[in-house]
> 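The following block contains the structure, expressed as structure tokens.
For the numbers below, each heavy atom of this structure counts, side chains included, while hydrogens, waters and symmetry mates do not. Remember, it's 1-based here, ligands and their atoms both numbered in the order they're listed.
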Amino acid sequence: MDDTRSRQVLIAGAGIAGLTAALAFSERGYLVRLFEQAERIEAAGAGIQLSPNATRILRQLGVLERLLPAAVRPEAVVLRDAATLRELARVPLGEAAERRWQAPYLVAHRADLQGALMARLAEQPDISLVTGARVGGVVPGPHHVTAMAEIAGKTVEAGGFLLIGADGVWSKIRDLGALARSGSARNAASAAGASSRFSGELAWRATIDAESAAGEAFAAVGAANCVTTFLHPGFHMVAYPVSRGRAFNLAAFTAGETMAESWSGHADPNILAGAMRGTAAALARLVEDAGPWTAWPIHTVDQRQPWTTPAGIALIGDAAHAMTPFAAQGAAMAIEDAATLAGLVAASPADPAAALAAWEKMRRPRVAKVARRGALNRLAWHAVGPVAVARNLFLRLRSPEKLAADLDWLYGWNPDALQFRSSA
Ligand SMILES: Cc1cc2nc3c(=O)[nH]c(=O)nc-3n(C[C@H](O)[C@H](O)[C@H](O)COP(=O)(O)OP(=O)(O)OC[C@H]3O[C@@H](n4cnc5c(N)ncnc54)[C@H](O)[C@@H]3O)c2cc1C
């Protein structure tokens with residue numbers, strides 16, 4: 001393999017996972033070609049919570065300093081009963097989070113995160129980003145992998161020692177990786193069909209101007225400088241400030257029917273209204289004033305399928321393990337995936353296949369634990385009757401300090417501790 005190809009990384013998808021991977025590999029001296037099917041890089045959805053395990057990596061990659069001016073550092077995560085609006089629990093964030101986990105807890109508009117990633121990318125001459133380029137084929141070879149990208153009606157081939165599938169929950173690379181492993185289109189199709197599924201949950205999203213009637217309705221029920229989660233049987237809503245506090249991001253979750261394979265769409269608003277039956281009148285008014293709501297079917301990916309192939313394909317982010325957003329960790333896991341993959345590959349230049357296998361083995365337990373935490377949150381937040389009473393009692397007896405300590409394993413996680421940050 002010639003020297004350029006042995007240092008060439010190909011990435012399909014320029015979402016949070018792909019952009020972070022491009023920066024992480026370029027930081028270690030690799031050449032990166034990043035293919036994005038969309039004509040322009042645009043953020044899907046409105047707000048995002050970035051916990052310290054993610055911001056620590058963004059700081060190392062030179063992204064955090066570009067994000068901070070637009071982001072908000074919330075003072076706390078607050079859980080409230082949606083019927084009474086009573087505060088059930090509070091986890092201190094702000095300076096306390098930074099002291100405890102050595103990196104800030106932030107909330108931001110997704111466009112601001114994407115802008116910060118892109119600004120850093122623009123400074124890296126070794127990253128070439130091609131938009132309007134859909135990766136639709138992969139040919140694995142003994143020492144390198146060839147990706148076929150459709151660009152303006154033409155098929156363009158690109159070779160490298162590694163192809164990273166960062167192409168989201170409906171990943172094409174996941175299907176092509178299955179094909180490369182099985183050697184049969186039929187097996188690949190069945191592997192793909194089994195790997196992504198509708199979770200049964202809809203996310204409803206709205207962004208409200210702080211100065212609007214809905215913004216005032218929000219101020220009446222929540223704290224403008226916190227991440228507030230309102231809990232109710234079969235429904236919860238997360239609300240937090242974005243865009244330096246000029247707007248609030250609202251995300252409500254209900255059961256629902258699946259929709260087309262897209263990030264956003266419209267569903268019957270009566271589903272949301274029905275799920276809110278019994279919540280406080282002020283909260284119901286906020287939800288009414290905040291509309292129209294965009295509905296978002298939550299799909300997950302079966303984590304049991306392989307994330308890497310010995311032929312040099314690796315899946316990261318939602319392509320590998322899309323999870324329900326109830327721990328607010330999908331993007332954080334994508335960021336962790338990207339940084340750790342670059343670290344392990346750089347630490348083992350003579351044997352990338354061994355590095356991929358080691359990376360997958362290292363990532364699986366953590367990603368599975370995070371997904372379990374999300375599932376537990378959902379159960380607890382939608383609890384009914386005696387279970388809800390027990391939850392409230394548990395939360396009342398747990399001090400804010402203890403609630404923060406419960407998150408040390410998640411937010412205190414640090415890739416430096418894995419000792420592979422040697423330069424490529
Ligand atoms: C309601 C909701 C709230 C959430 N809140 C949070 C939160 O607060 N914190 C958090 O950490 N996570 C959160 N998440 C999860 C987070 O949004 C996702 O995990 C994250 O965006 C996944 O990023 P990704 O780059 O893996 O995938 P994507 O963002 O889907 O990016 C994939 C990219 O690949 C491109 N692409 C697809 N196919 C191809 C192809 N064949 N060739 C080239 N390009 C291709 C797509 O156009 C896209 O740009 C939330 C999710 C939801 C649904």
> Kindly write out the residues that satisfy salt bridge (charged side-chain N to carboxylate O under 4.0 Å, His left out) with Glu336, not counting sequence neighbours, or none if the list is empty.
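Here the qualifying residues are Arg363, Arg366.
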
> Check the side chains of Asn53 and Gln329 for a donor-acceptor pair under 3.5 angstrom, ignoring hydrogens and angles.
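On atom types as modelled, these side chains qualify, holding a pair under 3.5 Å.
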
> With nothing but distance in play, are any N or O atoms of Ala38 less than 3.5 Å from an N or O of ligand 1?
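In this structure, Ala38 places no N or O atom under 3.5 Å from an N or O of ligand 1.
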
> Does a donor on one side chain sit under 3.5 Å from an acceptor on the other, for Thr324 and Glu201?
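Short answer, no.
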
> Below 6.0 angstrom between ring centroids: does that apply to Trp170 and His299?
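Yes, ring centres under 6.0 Å apart.
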
> Using a 4.0 Å heavy-atom cut-off, which part of Ala251 comes near ligand 1: side chain, backbone, both, or neither?
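Contact part for Ala251 vs ligand 1: neither.
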
> Should you measure from each heavy atom of Phe35, which atoms of ligand 1 turn up under 4.0 Å away?
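In order of number, 43 (C), 44 (N).
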
> Quick one: does ligand 1 sit under 4.0 Å from the side chain of Trp296, the backbone, both or neither, non-hydrogen atoms only?
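Trp296 to ligand 1: side-chain contact only, backbone stays beyond 4.0 Å.
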
> For ligand 1, find out whether one of its N or O atoms is nearer than 3.5 Å to an N or O atom of Gly47.
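Gly47 vs ligand 1: no N/O contact under 3.5 Å.
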
> Does any donor atom in the side chain of Tyr240 or Asn249 lie under 3.5 Å from an acceptor atom in the other side chain?
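Yes, because at least one side-chain N or O of Tyr240 sits under 3.5 Å from a partner of the opposite role on Asn249.
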
> For Ala203, which part has a heavy atom under 4.0 Å from ligand 1: side chain, backbone, both, or neither?
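The answer is the side chain.
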
> Indicate whether the side chain of Glu98 and that of Tyr105 have a donor and an acceptor atom separated by less than 3.5 Å.
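Short answer, no.
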
> With ring centroids as reference points, do Phe253 and His236 lie under 6.0 angstrom apart?
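Yes: the rings meet the under 6.0 Å criterion.
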
> In ligand 1, which numbered atoms sit nearer than 4.0 Å to a non-hydrogen atom of Pro325?
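Counting from 1, the qualifying ligand atoms are 2 (C), 3 (C), 4 (C), 50 (C), 51 (C), 52 (C).
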
> Please state whether Ile298 comes within less than 4.0 angstrom of ligand 1, counting heavy atoms only.
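False for this residue.
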
> Between Ala149 and ligand 1, find which residue part has any heavy-atom pair under 4.0 Å and reply side chain, backbone, both or neither.
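Under 4.0 Å from ligand 1, Ala149 contributes no heavy atoms.
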
> Quick one: do the Thr155 and Glu150 side chains pair a donor with an acceptor below 3.5 Å?
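Result is yes, a qualifying pair exists.
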
> Show the atoms of ligand 1 that are less than 4.0 angstrom away from any heavy atom in Gly317.
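Those qualifying, in numeric order: 26 (O).
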
> Can a salt bridge be assigned to the pair Arg364 and Glu360 using a cut-off of 4.0 Å between side-chain N and carboxylate O?
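Here Arg364 pairs with Glu360 in a salt bridge, since their nearest N and O are under 4.0 Å apart.
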
> Would one find an N or O of Tyr240, backbone or side chain, under 3.5 Å from an N or O of ligand 1?
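No: no nitrogen or oxygen of Tyr240 is under 3.5 Å from one in ligand 1.
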
> In ligand 1, which numbered atoms sit nearer than 4.0 Å to a non-hydrogen atom of Ala166?
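Under 4.0 Å from Ala166, ligand 1 has these atoms: 32 (C), 33 (C), 34 (O).
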
> Regarding atom 14 (N) of ligand 1: of the candidates Met323, Lys172, Arg110, which has the closest heavy atom?
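The option holding the nearest heavy atom is Arg110.
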
> Report the member of Ala331, Ala17, Ala334 with the shortest heavy-atom distance to atom 11 (O) of ligand 1.
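Among Ala331, Ala17, Ala334, the closest heavy atom to atom 11 (O) of ligand 1 comes from Ala331.
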
> Could you check which of Ala327, Gly168, Ala328, Gly15 puts a non-hydrogen atom nearest to atom 27 (O) of ligand 1?
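Heavy atom nearest to atom 27 (O) of ligand 1 belongs to Gly168.
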
> For atom 7 (C) of ligand 1, which candidate among Glu336, Met333, Arg134, Gln49 provides the closest heavy atom?
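It is Gln49 whose heavy atom sits nearest to atom 7 (C) of ligand 1.
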
> Please work out whether any backbone atom (N, CA, C, O) or any side-chain heavy atom from C-beta onward of Ala54 is under 4.0 Å from ligand 1, and answer side chain, backbone, both or neither.
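For Ala54, there is no contact with ligand 1 at all, from either part.
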
> Can you tell whether the side chains of Glu42 and Arg110 come within less than 4.0 Å, N to carboxylate O?
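No.
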
> Any idea which atoms of ligand 1 are less than 4.0 Å away from a heavy-atom of Gly330?
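Every atom of ligand 1 under 4.0 Å from some heavy atom of Gly330: 10 (C), 11 (O), 12 (N), 15 (C), 19 (O).
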
> Can you list the atoms of ligand 1 that are under 4.0 Å from a heavy atom of Ala133?
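So the answer, numbered in order with elements, is 42 (N), 43 (C).
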
> Heavy-atom distances under 4.0 Å are what count here, so tell me which part of Glu201 touches ligand 1: side chain, backbone, both or neither.
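Within the 4.0 Å criterion, Glu201 makes no contact with ligand 1.
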
> Given 3.5 Å as the limit, does a donor-acceptor pair link the side chain of Arg56 with the main chain of Trp413, or not?
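At least one qualifying donor-acceptor pair exists.
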
> Under 3.5 Å between some N or O of ligand 1 and some N or O of Val135?
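Yes; at least one N/O pair falls below 3.5 Å.
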
> Is Arg205 close enough to touch ligand 1? Criterion: a residue heavy atom under 4.0 Å from a ligand atom.
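Contact present.
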
> Which salt bridge (Lys or Arg N to Asp or Glu O under 4.0 Å) pairs, counting each pair once, include a residue from residues 117-135, with sequence neighbours left out?
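Pairs touching residues 117-135 that pass the test: Arg66-Glu123, Arg120-Glu123.
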
> Have a look at ligand 1 and work out which part of Gln329, if any, has a heavy atom under 4.0 Å from it: side chain, backbone, both or neither.
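Looking at Gln329 and ligand 1, just backbone atoms fall under 4.0 Å.
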
> Using a 6.0 Å distance limit plus a 45 degree cone around the ring axis, check whether Arg205 lies over the aromatic ring of Trp296.
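Yes, Arg205 and Trp296 form such a contact.
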
> Ignoring angles and geometry beyond distance, decide whether Ala319 reaches within less than 3.5 Å of ligand 1 through its nitrogen or oxygen atoms.
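Not met; the criterion fails.
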
> With a 3.5 Å cut-off and no angle check, do the side chains of Trp359 and Thr340 form a donor-acceptor pair?
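Distance-only check passes for Trp359 and Thr340.
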
